[in-house]
Amino acid sequence: MWQDKTSYSRSDVERKPTTWTAQSGRLTVTVTCGHIDYKPDWVMHCHELGINTRPLPNAGSKEEAQAQAIAVVKAKIASLMADANNL
């Protein structure tokens with residue numbers, strides 16, 4: 001379940017959500033279109049997998065950004081599992 005984690009400034013009268021986070025156990029995935037260096041493009045973060053500010057260039061909406069971020073996380077986990085199976 002995605003939760004709005006947008007931090008608003010006092011002067012922000014529009015209060016439009018820009019950041020969402022989903023968490024499962026220790027795994028946390030965040031998508032935002034409010035990143036200072038990438039605004040208004042979407043980026044994702046997943047600290048547990050070493051993903052920091054990865055652009056999501058094909059995302060045109062929060063739903064697309066969320067789906068792409070989950071796909072990136074699943075691909076990274078699959079790659080790590082394949083590596084672990086080769087140990």
Side-chain angles (χ1 to χ4, degrees):
M1 180 93 161
W2 292 92
Q3 295 181 357
D4 176 14
K5 295 293 184 174
T6 307
S7 60
Y8 301 99
S9 66
R10 285 187 214 169
S11 62
D12 185 2
V13 291
E14 188 177 346
R15 301 277 176 170
K16 181 180 177 185
T18 58
T19 304
W20 288 267
T21 298
Q23 185 171 1
S24 177
R26 296 181 308 219
L27 188 64
T28 302
V29 180
T30 300
V31 296
T32 185
C33 66
H35 191 280
I36 192 166
D37 294 330
Y38 293 91
K39 202 181 244 183
D41 296 330
W42 289 93
V43 297
M44 67 166 290
H45 310 280
C46 183
H47 176 73
E48 294 78 13
L49 295 178
I51 301 170
N52 185 27
T53 317
R54 179 181 173 152
L56 300 169
N58 299 320
S61 67
K62 76 172 184 173
E63 292 82 9
E64 290 175 355
Q66 292 166 346
Q68 286 181 30
I70 296 299
V72 167
V73 166
K74 287 181 177 181
K76 179 77 170 191
I77 291 171
S79 174
L80 290 170
M81 288 299 297
D83 290 345
N85 289 333
N86 290 326
L87 293 176

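Here the closest non-hydrogen pair linking Q68 and L56 is OE1-CB, 3.6 Å. The heavy-atom pair separating M44 from C46 by the smallest distance is CE-CB, 4.3 Å. Shown here for L49 and K76, the closest heavy-atom pair between the two residues is O-CE, 3.4 Å. Nearest approach of C33 to P40, heavy atoms of both residues: CB-O, 3.6 Å.
Y8 belongs to no multi-residue hydrophobic cluster, having no ILVMFWY side-chain contact under 4.5 Å with any other such residue.
No donor-acceptor distance shorter than 3.5 angstrom exists from the side chain of Q3 to the backbone of K5, with no hydrogens or angles considered.
Two residues are said to be in side-chain contact when any heavy atoms from C-beta on lie closer than 4.5 Å; T19 and V31 fail this criterion. No side-chain heavy atom of N58 sits under 4.5 Å from any side-chain heavy atom of E64. T53 places a side-chain heavy atom less than 4.5 Å from the side chain of Y38. At a threshold of 4.5 Å between non-hydrogen side-chain atoms, the residues V72 and I51 count as touching.
At a threshold of 4.5 Å between side-chain heavy atoms, the hydrophobic network of Ile, Leu, Val, Met, Phe, Trp and Tyr places W20 and V29 in one connected group. Cluster membership check: M1 does not share its hydrophobic cluster with V73, using side-chain heavy-atom separations under 4.5 Å among Ile, Leu, Val, Met, Phe, Trp and Tyr.
The OG1 atom of T6 lies 10.5 Å from the NZ atom of K16; values are rounded to the nearest 0.5 Å. A distance of 8.0 Å separates CH2 of W42 from NZ of K62, quoted to the nearest 0.5 Å.
With sequence neighbours excluded, the residues forming a side chain to side chain donor-acceptor pair (under 3.5 Å) with N52 are H45, listed by chain and number.
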